[in-house]
Colleague: 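Could you have a look at this structure, given as structure tokens, before my questions?
Values in this document were obtained by computation on a predicted structure and should not be read as measured data.
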Amino acid sequence: LKASLEGEVLVSQLSFDITNDSVYSYWDPSFYIELLNGNKRVGIVRIIEKQFRSGDIRKIDLRLFNEQLQVTGVRLKPLFNVFDDGVYMPVGS
């Protein structure tokens, strides 16, 4: 977690990569990012990744407006229905 001053507001920056290691590509999958300090949850952020293809690596860059927040790890939780064919991109897209 890196703190920086943007304008007159102190914000914290959290950056990490996520990888689609599955064989499936997704149109607009949404995820909860669980912010952890050790084993304790200190926050949750929701993101949507547009056209997240199999093998894609995305850099996630979050700005958190809480200078007291200490994050030592993250846990990604998918929020899409794996039984809904509409979430999957056709092969070759």
Side-chain angles (χ1 to χ4, degrees):
L1 196 61
K2 179 175 107 181
S4 61
L5 188 61
E6 293 186 5
E8 297 296 321
V9 179
L10 183 65
V11 297
S12 296
Q13 177 183 357
L14 178 63
S15 299
F16 56 92
D17 294 335
I18 61 172
T19 303
N20 182 353
D21 274 341
S22 76
V23 296
Y24 301 104
S25 297
Y26 304 94
W27 284 114
D28 297 316
S30 60
F31 302 91
Y32 277 141
I33 299 172
E34 189 175 12
L35 308 176
L36 304 170
N37 185 359
N39 289 327
K40 181 180 177 189
R41 180 188 310 148
V42 293
I44 295 177
V45 178
R46 182 175 179 255
I47 63 166
I48 298 173
E49 286 301 307
K50 301 288 184 187
Q51 297 185 7
F52 198 27
R53 292 181 168 83
S54 178
D56 277 0
I57 300 171
R58 301 281 175 91
K59 180 153 202 78
I60 305 300
D61 186 8
L62 302 174
R63 306 303 165 117
L64 309 169
F65 294 92
N66 182 344
E67 62 188 69
Q68 304 298 320
L69 190 64
Q70 293 186 16
V71 178
T72 59
V74 296
R75 189 177 303 143
L76 195 67
K77 307 265 186 170
L79 294 174
F80 51 91
N81 181 355
V82 297
F83 299 109
D84 179 1
D85 289 340
V87 302
Y88 300 101
M89 297 175 71
V91 176
S93 293

Colleague: For N39, enumerate each residue passing the side-chain contact (heavy atoms from CB on, under 4.5 Å) test, keeping only those at least two apart in sequence or located in another chain.
Modeller: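 In terms of side-chain contact (heavy atoms from CB on, under 4.5 Å), with neighbours along the sequence ignored, N39 is linked to no residue.
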Colleague: Nearest 0.5 Å please: distance from the CZ atom of F52 over to the CD1 atom of I18.
Modeller: 4.0 Å
Colleague: In Å and rounded to the nearest 0.5 Å, what is the CZ to CH2 distance from R53 to W27?
Modeller: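 Rounded to the nearest 0.5 Å, the CZ-CH2 separation comes to 7.0 Å.
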Colleague: Is there a side-chain contact (heavy atoms from CB on, under 4.5 Å) between L14 and V45 once you walk through the steps?
Modeller: CA-CA 11 Å; L14 178 63; V45 178; over 6 Å; no
Colleague: Who passes salt bridge (charged side-chain N to carboxylate O under 4.0 Å, His left out) against K59, sequence neighbours left out?
Modeller: D17
Colleague: Which side-chain N or O atoms in residues 71-91 pair as donor and acceptor under 3.5 Å with protein atoms at least two apart or in another chain?
Modeller:
unit_1	atom_1	unit_2	atom_2	d
T72	OG1	L36	O	3.4
T72	OG1	G38	N	2.7
R75	NH1	E34	OE1	3.1
N81	OD1	F83	N	2.9
D84	OD1	G86	N	2.9
Y88	OH	V82	O	2.7

Colleague: Can you name the residues that form a side-chain contact (heavy atoms from CB on, under 4.5 Å) with D21, not counting sequence neighbours?
Modeller: T19
Colleague: Should we say atom CZ of R41 is surrounded by more than 12 heavy atoms from elsewhere, each under 6.0 Å from it?
Modeller: no
Colleague: Output the distance between atom CG (D56) and atom CD (Q51), rounded to the nearest 0.5 Å.
Modeller: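 Here the rounded value is 9.5 Å.
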Colleague: Please round to the nearest 0.5 Å and tell me the distance separating atom CD1 of I33 and atom CD1 of I47.
Modeller: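 So the gap between those two atoms works out to 3.5 Å.
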Colleague: Is it true that a side-chain atom of S30 and a backbone atom of I48 form a donor plus acceptor pair closer than 3.5 Å?
Modeller: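 Side chain of S30 to backbone of I48, a donor-acceptor pair under 3.5 Å: no, none is there.
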Colleague: Heavy atoms only: give me the nearest S25-S54 pair and the separation to one decimal.
Modeller: OG-N, 3.0 Å
Colleague: Under the side chain to side chain donor-acceptor pair (under 3.5 Å) rule, collect the residues that match up with N37, sequence neighbours excluded.
Modeller: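 None.
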Colleague: To check you understand the geometry: which heavy-atom pair defines the closest contact between E49 and I60, and what is its length?
Modeller: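 Shortest heavy-atom contact: OE2-CD1, 3.5 Å.
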Colleague: Using a distance-only test with no angle check, is there a side-chain donor-acceptor pair under 3.5 angstrom linking D61 and S15?
Modeller: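 A pair is found: one side chain offers a donor N or O, the other an acceptor, under 3.5 Å apart.
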Colleague: Tell me whether the count of non-hydrogen atoms from other residues, nucleotides or ligands lying under 6.0 Å of OH in Y32 goes above 12.
Modeller: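 No, because the 6.0 Å sphere around OH of Y32 holds 12 heavy atoms or fewer from other groups.
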